[in-house]
Amino acid sequence: MNTVNFPWLTTIILFPIAASLLIPLIPDKEGKTVRWYSLIVGLIDFALIVYAFSNAYDFSNPDLQMVESYPWVNQLDLNWSVGADGLSMPLIILTGFISTLAILAAWPVTFKPKLFYFLILAMYGGQIAVFAVQDMLLFFLVWELELVPIYFLLSIWGGKKRQYAATKFILYTAGGSLFILLSALTMGFYGDTVTFDMRALALKDFALNFQLALYAGFLIAYAVKLPIIPLHTWLPDAHGEATAPVHMLLAGILLKMGGYALIRMNAQMLPDAHAYFAPVLVVLGVVNIIYAALTSFAQRNLKRKIAYSSISHMGFVLIGIASFTDLGLSGAVLQMVSHGLIGASLFFLVGATYDRTHTLMLDEMGGVGKRMKKIFAMFTTCSMASLALPGMSGFVAELMIFVGFATSDAYSSTFKVIVVFLMAVGVILTPIYLLSMLREIFYGEENEELVSHQALIDAEPREVFIVACLLVPIIGIGFYPKLLTQMYDATTVQLTERLRDSVPTLAQQKEVPQISLSAPELVR
């Protein structure tokens, strides 16, 4: 662990939040000044993120860095404690990148622009805080606070069923958050010392049964956010009603919070319980991949089709986390970053297509590629990235998870063969529903009614720029994955070693979980 003199992380978190508070003072009714102000704030904060990690962060150091800790509420032992390591650093950079592009994507917003950009900037800082805070109570607070902007962004600027989608989102996520609070309080008061510092909690000697109960509580909370089937139903509804910039935040950042927390809390702080729950995560990951891919086939609404595709891709993250290999865990982190970029690009293009066609139903589209050639080209490229075409980041991430899990010595050969086969089925299903989606939107005969009533203008420079910004890292990581993996490999290797050390403890127990197809061989 190393400390820094300048409070980089605190500045990065609080700057967009403080800037959002000045928006009501800007004399601008139409929103033209506010949107430029918000974009400049986003660019400055992203520049601070890049500069801070370039100069104050050592990629070869696996421990927590850029640590800041200030007393806040002494009576509750609540401290403003932040830091970054290889798990949080890539996701902080991703948050700044996607959030800034989401501000640019919100350019057409004219209804209550001040409130819209206020919520976007507040969420900008709040999401970075989720990946940086190192105090369990503070983590719960920022986890809860970032729900508020999303609720209002859905309920005010969403589609016809926006109130239903926003209410369902807040009920699911707030309900899951209760398990974070209960588990955090239980961990903090366990033993002779009361602390909510994550580093101190990770060193506590929790009894195995206690770890299992805590792991289950955290898993429920993060299963909602990831999301894991069957706690996923809020996501298609939220995506079905959201606007393009909100789509980008949901797919690009919000889902990654669940994956990050699952690694940070469950795997890193409760390693012995992770040895028991890892087979369950693998099964849940396979269910996510197959079920969501099949469900995506049946969707005629374009947004819901891409939403279920996101759920399917996040299943690979679960399997990577449970692989007990350096390669698998590294692939899980890479998959979160990769999906953040690809998901944001696809949902932005869905929004751009809807703005022109005013329909999300695939049955009402057809042949629009003849009039929107740039959107056609960008949509096709991003879909290729989503189906894990070689040369794209998705291919590298999924390949790492495949090989990482297949070479794991924590599971029986039979179980690994079954899981790898089902993962392969999911990979085969993905291009089928994505390519059929492209065919229904862009190919075939033009819908005469659609063409006659709508102006199907092609992409404007702003839209091309946004997609290009997302495609550069997608292709760059695809051709040279070390560009990203070298940033966090030291941390994932250290964590994997700790997790592997916990596997034998399961064999030493008198009662070994009897899961017919998922019981580990427990051979290190």
Q: How long is the gap from CD1 on Ile156 to CG on Leu119, to the nearest 0.5 Å?
A: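 The distance works out to 6.5 Å.
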Q: Indicate yes or no for a side-chain donor-acceptor contact from Ser386 to the backbone of Ser383 under 3.5 Å, with no hydrogens or angles considered.
A: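 Not a single qualifying donor-acceptor pair exists.
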Q: Considering all heavy atoms of both residues, which atom of Phe53 and which atom of Ala84 are nearest to each other, and what is their separation?
A: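 Taking Phe53 first and Ala84 second, the nearest heavy atoms are CE2-CB, 3.9 Å.
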Q: Considering residues at least two apart in sequence or located in another chain, which fulfil the side-chain contact (heavy atoms from CB on, under 4.5 Å) criterion with Lys168?
A: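 Lys168: side-chain contact (heavy atoms from CB on, under 4.5 Å) contacts with Tyr164, Tyr172, Thr233, Trp234, Asp237.
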Q: So, are Asp458 and Arg371 salt-bridged, with charged N and O less than 4.0 Å apart?
A: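 Arg371 and Asp458: not salt-bridged.
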Q: Using side-chain hydrogen bond (donor to acceptor under 3.5 Å, both in side chains), reason through Ser88 and Tyr260 one step at a time and then give a plain yes or no.
A: CA-CA 8 Å; Ser88 53; Tyr260 164 78; 4.7 Å; no
Q: Would a 4.5 Å heavy-atom cut-off, applied to side chains only, mark Leu495 and Leu329 as touching?
A: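 Side-chain contact under 4.5 Å: yes.
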Q: Strictly distance-based, threshold 3.5 Å: is any side-chain N or O of Ser393 a donor or acceptor partner for the main-chain N or O of Gly478?
A: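 No, because the side chain of Ser393 does not come within donor-acceptor range (under 3.5 Å) of the backbone of Gly478.
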Q: Is Ser183 reaching over with its side chain to a backbone N or O of Phe179, donor-acceptor style, under 3.5 angstrom?
A: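 Pair found, side chain donor or acceptor close to backbone of Phe179.
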Q: Any chance you could lay out the side-chain contact (heavy atoms from CB on, under 4.5 Å) test for Ile289 and Ile311, step after step, and finish with the verdict?
A: CA-CA 7 Å; Ile289 293 170; Ile311 296 171; over 6 Å; no
Q: Minimum heavy-atom separation for Thr407 and Gly404, please, with both atom names.
A: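 Answer, listing the atom of Thr407 first, then Gly404: OG1-O, 3.3 Å.
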Q: Tell me whether Arg304 is salt-bridged to Glu241, with the criterion being a basic N under 4.0 Å from an acidic carboxylate O.
A: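 The answer is no: the pair does not qualify as a salt bridge.
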Q: Where do Gln163 and Ser155 land on the side-chain hydrogen bond (donor to acceptor under 3.5 Å, both in side chains) test, with the steps shown first?
A: CA-CA 5 Å; Gln163 296 294 341; Ser155 61; 4.9 Å; no
Q: List the steps and the verdict of salt bridge (charged side-chain N to carboxylate O under 4.0 Å, His left out) for Arg264 and Asp85.
A: CA-CA 11 Å; Arg264 175 71 73 195; Asp85 60 7; 2.7 Å; yes
Q: Under 6.0 Å between ring centres: does that hold for His339 and Phe316?
A: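 No, they do not, as the ring centres are separated by 6.0 Å or more.
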Q: Distance-only, no hydrogens or angles: does the Lys303 side chain make a donor-acceptor pair with backbone N or O of Ala242 under 3.5 Å?
A: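 Yes; at least one donor-acceptor contact below 3.5 Å.
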Q: Between Thr491 and Gly86, is there a donor-acceptor pair closer than 3.5 Å when you use the side chain of the first and the backbone of the second?
A: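 Indeed, once roles are kept as given, a pair shorter than 3.5 Å links the two residues.
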Q: Answer yes or no: does atom NZ of Lys161 have more than 12 heavy-atom neighbours from other residues, nucleotides or ligands under 6.0 Å?
A: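 No - once you tally the heavy atoms of other residues, nucleotides and ligands closer than 6.0 Å, there are 12 at most.
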Q: Evaluate the side-chain proximity of Ile475 to Met392: yes if any heavy-atom separation is below 4.5 Å, no if none is.
A: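 Counting from C-beta outward, Met392 and Ile475 do come under 4.5 Å.
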Q: Could you tell me whether a side-chain N or O of Ser99 sits under 3.5 Å from a main-chain N or O of Thr95, the two making a donor and an acceptor?
A: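 Side chain of Ser99 to backbone of Thr95: a pair is present.
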Q: Out of curiosity, Leu254 CG to Glu146 CD, how far, rounded to the nearest 0.5 Å?
A: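 Leu254 CG to Glu146 CD: 5.0 Å, rounded to 0.5 Å.
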Q: First locate atom CD of Gln127, then atom CG of Leu94, and finally report the distance between them rounded to the nearest 0.5 Å.
A: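 Result: 9.5 Å between the selected atoms.
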Q: What do the steps show when you test Thr359 against Glu364 for side-chain hydrogen bond (donor to acceptor under 3.5 Å, both in side chains), and what is the final call?
A: CA-CA 7 Å; Thr359 181; Glu364 300 173 1; 2.5 Å; yes
Q: Under the criterion side-chain contact (heavy atoms from CB on, under 4.5 Å), I'd like the reasoning laid out for Leu87 against Gln268: C-alpha separation, chi angles, the key distance, then a yes or no.
A: CA-CA 11 Å; Leu87 297 178; Gln268 190 174 58; 4.2 Å; yes
Q: Using a 4.5 Å cut-off on heavy atoms from C-beta on, say whether the side chain of Leu255 contacts that of Leu235.
A: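 Leu235 reaches Leu255 side chain to side chain.
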Q: Please check: side-chain N/O of His274 versus main-chain N/O of Ile321, any donor-acceptor pairing under 3.5 Å?
A: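 Yes.
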Q: Let me know which of Val148, Ile150, Leu154 forms a side chain to side chain contact (heavy atoms under 4.5 Å, CB included) with Phe152.
A: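 Output: one option passes, namely Val148.
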Q: A side-chain contact here means heavy atoms from C-beta on lying under 4.5 Å apart; do Thr167 and Arg162 qualify?
A: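 No - every pair of side-chain heavy atoms lies 4.5 Å or more apart.
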Q: Closest heavy-atom contact between Gly42 and Tyr124?
A: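 Heavy atoms only, the tightest pair is O-OH, 3.1 Å.
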Q: Any donor-acceptor pair under 3.5 Å linking the side chain of Thr325 with the backbone of Ser408?
A: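 Side chain of Thr325 to backbone of Ser408, a donor-acceptor pair under 3.5 Å: no, none is there.
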Q: So, the side chain of Ser330 versus the backbone of Asp326: is there a donor-acceptor pair under 3.5 Å, distance only?
A: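 Flag not set: sc Ser330 to bb Asp326 has no pair under 3.5 Å.
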Q: Could you walk me through whether Met378 and Val464 satisfy the side-chain contact (heavy atoms from CB on, under 4.5 Å) test, starting with their C-alpha distance in whole Å, then the side-chain angles of each, then the deciding distance to 0.1 Å, before giving a yes or no?
A: CA-CA 8 Å; Met378 293 188 295; Val464 175; 4.3 Å; yes
Q: Can you tell me how far CG of Asp45 sits from CG of Leu121, rounded to the nearest 0.5 angstrom?
A: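 These two atoms lie 9.0 Å from each other.
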Q: Keeping the roles fixed (side chain from Ser312, backbone from Tyr308), state whether a donor-acceptor pair exists under 3.5 Å.
A: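 No; judged by distance alone, with no hydrogens or angles, the pair does not exist.
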Q: How long is the span from the CZ atom in Phe297 to the CG atom in Leu294, to the nearest 0.5 Å?
A: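 The CZ atom of Phe297 sits 7.0 Å away from the CG atom of Leu294.
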Q: Taking all non-hydrogen atoms of both residues, which atom of Ala132 and which atom of Ile92 are closest, and how far apart?
A: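 It is CB-CD1, 4.1 Å.
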Q: Is there a side-chain contact between Asp363 and Arg300 in this structure, where contact means two heavy atoms from C-beta onward sitting under 4.5 Å apart?
A: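 The answer is yes, as the side chains (C-beta and beyond) meet within the 4.5 Å cut-off.
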Q: For a ring-ring contact (aromatic ring centres under 6.0 Å, His included) check, start with the C-alpha distance between Phe348 and His247, then their side-chain angles and the critical distance, and finish with the verdict.
A: CA-CA 7 Å; Phe348 173 73; His247 281 310; over 10 Å; no
Q: Verify whether the ring centers belonging to Tyr276 and Tyr215 lie closer than 6.0 Å.
A: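 When the ring centroids of Tyr276 and Tyr215 are compared, they turn out to be at least 6.0 Å apart.
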Q: Do Leu219 and Leu262 come within less than 4.5 Å of each other through their side chains, counting heavy atoms only?
A: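 Yes; the side chains approach each other to less than 4.5 Å.
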Q: Walk me through it: do Trp157 and Thr243 pass the test side-chain hydrogen bond (donor to acceptor under 3.5 Å, both in side chains)?
A: CA-CA 7 Å; Trp157 290 273; Thr243 56; over 6 Å; no
Q: Do the charged groups of Glu440 and Lys305 touch, with an N to O distance under 4.0 Å?
A: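 No, this pair does not count.
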Q: To the nearest 0.5 Å, how far apart are CG in Leu270 and CE in Met265?
A: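 Answer rounded to 0.5 Å: 10.0 Å.
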Q: Please verify the inter-ring angle class for Tyr411 with Phe324; under 30° counts as parallel, over 60° as perpendicular, anything in between as tilted.
A: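 Aromatic pair Tyr411/Phe324 classed tilted.
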Q: Mind checking whether Phe59 and Asp489 have side chains closer than 4.5 Å, heavy atoms only?
A: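 Side-chain contact under 4.5 Å: no.
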Q: Which atoms form the tightest heavy-atom contact between Ala322 and Val282, and what is the distance?
A: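 That would be CB-CG2, 3.6 Å.
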Q: Please give me the minimum heavy-atom distance between Gly328 and Ser323, naming the atom from each residue.
A: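 Closest approach of Gly328 to Ser323: CA-OG, 3.3 Å.
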Q: Check the pair Glu460 / Phe465 against side-chain contact (heavy atoms from CB on, under 4.5 Å), numbers first and verdict last.
A: CA-CA 9 Å; Glu460 59 185 56; Phe465 176 78; over 6 Å; no
Q: Does a side-chain N-to-carboxylate-O contact under 4.0 Å join Arg356 and Glu463?
A: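 Answer for the salt bridge query: yes.
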Q: With a 4.5 Å cut-off on side-chain heavy atoms, are Pro108 and Arg462 touching?
A: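 Contact flag for Arg462/Pro108 side chains = yes.
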